[in-house]
J.: 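One structure, as structure tokens, below. Some questions next.
Every number for a ligand or one of its atoms is a count from 1 in the order of the listing.
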Amino acid sequence: MREEDSVNTGARRPPIFDGHNDTLLRMQSDGISFLERNEEAGLDFPLAQQGGYAGAFFAVYIPPAGLKVPRKGADVARLALASFAGQETDPPLPELGYARRQAIGQMAALFRVERESGGRFAVVRTAAELEQALDAGIMAAVLHFEGAEPIDADLNGLEVFYRAGLRSIGIVHSRRNIFAHGVPYGFPLSPDTGPGLTKAGRRLVQACNRLGIMIDLSHLNERGFWEVADLSNAPLVATHSCAHAICPSSRNLTDEQLRAIGRTNGMVGLNFHVGFLRPDGAFDTDTPLDVLGQHIDHIAEVAGIDCIGLGSDYDYIAAPRAIATAADLPNLIQALRDRGYSGDDLEKILYRNWVRVLRATWEE
Ligand code: ZN
């Protein structure tokens, strides 16, 4: 059905598939239920239903030991960015047992949502399962690790977590681990901040290729990015990043990186955090949706229209007020329509590119 028809008849909006959320961390830290409305949340199941948020990568993130994870509030993004990466320039590596307890806690939270959802929420492990869920209006979750801290250097954990449903890994968060060096947050700053993969990191990339686990480049520094690009046989993917040419944050991708992503028919999920979107890097939620449009235009131009989608990063970010929660996402769709995106191109941005890249990566 063409979009003109759907506008006129009020038929189903295209589903939205999201490259990244941190809802599992919020569930673990705040003890909230995903299935019920939570007043403080930018994303929960009722908000998602309202906004057409049909599926996402659900991230397992290991907070530094002893960190009190900030609750939602005016300053949550600033606090989260500072503390998640570790306040120190070279924070100690998390202990494997601690990282695994955290990971299993967040994975259990995800599986409980599925069990208690009455068939409205499914953890998907294949592209066919993903497409079936989107067709049926069942919320689709891809289990993702944001940082490979729960995995040992021998990669035994990788085998086990894969069997449990792990289908995507960011090798690092914005800090060091046994596999690679993350990119520290900085503005304005180049993502070229230091050494890349370790030997164990190179083995991890090859093992992910063998198993068909997607590798997420979003928190890697530039050296690590190019080492993965050389080693990996899968499309290059950054699940929640923006364009460095527009907002020179170290978390964003240079045009050279965008071109490499385009050459592999990979993917960028656009992050909604105003500090990664605005040319001045300010944490100002009075940011027009136009700025997201500028990033999407730029990435579509440099990497290709097949290589851009969404990667919200709800719920530890400062999103533009017009898309403060997942229920507001129709505002973003309207902003994209106003910019001239429609039909196939709009559907590619909203979900089809993600489905394509996952099918290619998971090699079914
Ligand atoms: Zn992140």
Side-chain angles (χ1 to χ4, degrees), residues 17-29 41-43 56-64 67 69-70 72 76-87 91 94 99 102-103 106 110 141-150 166-177 179-187 189 191 193 214-222 224-225 228 236-244 247 249-253 257 261 267-277 281 283 292 295 309-319 323 326 354:
F17 188 85
D18 182 15
H20 190 90
N21 72 53
D22 287 310
T23 293
L24 297 179
L25 179 66
R26 268 182 71 70
M27 290 172 67
Q28 189 186 51
S29 303
L43 172 65
F57 290 79
F58 280 70
V60 165
Y61 162 79
I62 312 303
L67 173 75
V69 174
K72 196 168 171 69
V76 70
R78 195 183 309 278
L79 286 169
L81 256 56
S83 55
F84 289 1
Q87 305 274 14
Q102 294 284 320
Q106 290 175 38
L110 178 69
V142 173
L143 174 59
H144 169 77
F145 279 7
E146 184 171 30
E149 284 84 358
L166 180 67
R167 291 294 180 275
S168 172
I169 294 183
I171 300 172
V172 279
H173 190 259
S174 280
R175 59 190 184 195
R176 181 173 66 97
N177 65 20
F179 300 107
H181 294 77
V183 68
Y185 296 105
F187 182 97
L189 184 66
T193 55
M214 197 190 85
I215 299 162
D216 175 19
L217 302 163
S218 268
H219 284 270
L220 261 184
N221 62 20
E222 196 172 349
F225 177 99
V228 173
L236 298 176
V237 176
T239 58
H240 56 306
S241 294
C242 304
H244 197 273
C247 170
S249 162
S250 57
R251 271 283 281 103
N252 288 341
L253 299 156
Q257 290 177 305
I261 288 169
M267 188 74 199
V268 179
L270 193 73
N271 197 306
F272 292 179
H273 176 48
V274 291
F276 302 152
L277 287 166
F283 284 38
L292 281 90
H295 281 266
L310 305 179
S312 75
D313 214 355
Y314 288 129
D315 214 356
Y316 290 96
I317 52 142
I323 48 171
W354 275 125

J.: The test is side chain to side chain contact (heavy atoms under 4.5 Å, CB included); show your working for Leu277 and Asn271 and say whether it passes.
T.: CA-CA 8 Å; Leu277 287 166; Asn271 197 306; over 6 Å; no
J.: Could you tell me whether the Zn ion (ligand 1) has an N, O or S atom of His173 under 2.8 Å away?
T.: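 No, outside the cut-off.
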J.: In Glu146, which N, O or S atom comes closest to the Zn ion (ligand 1)?
T.: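 Considering only N, O and S atoms, Glu146 comes nearest to the Zn ion (ligand 1) through OE2.
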J.: Without hydrogens or angle criteria, can the side chains of Ser168 and Asp216 be said to hold a donor-acceptor pair below 3.5 Å?
T.: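 The criterion, which ignores hydrogens and geometry beyond distance, is not satisfied for Asp216 and Ser168.
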J.: Residues two or more places apart in sequence or in another chain: which of them pass salt bridge (charged side-chain N to carboxylate O under 4.0 Å, His left out) with Glu146?
T.: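 None.
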J.: From the Zn ion (ligand 1) out to just under 2.8 Å, does an N/O/S atom of His20 turn up?
T.: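 It does not; every qualifying atom lies at 2.8 Å or beyond.
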J.: Could you tell me if the ring centre of Phe283 sits under 6.0 Å from that of His273?
T.: yes
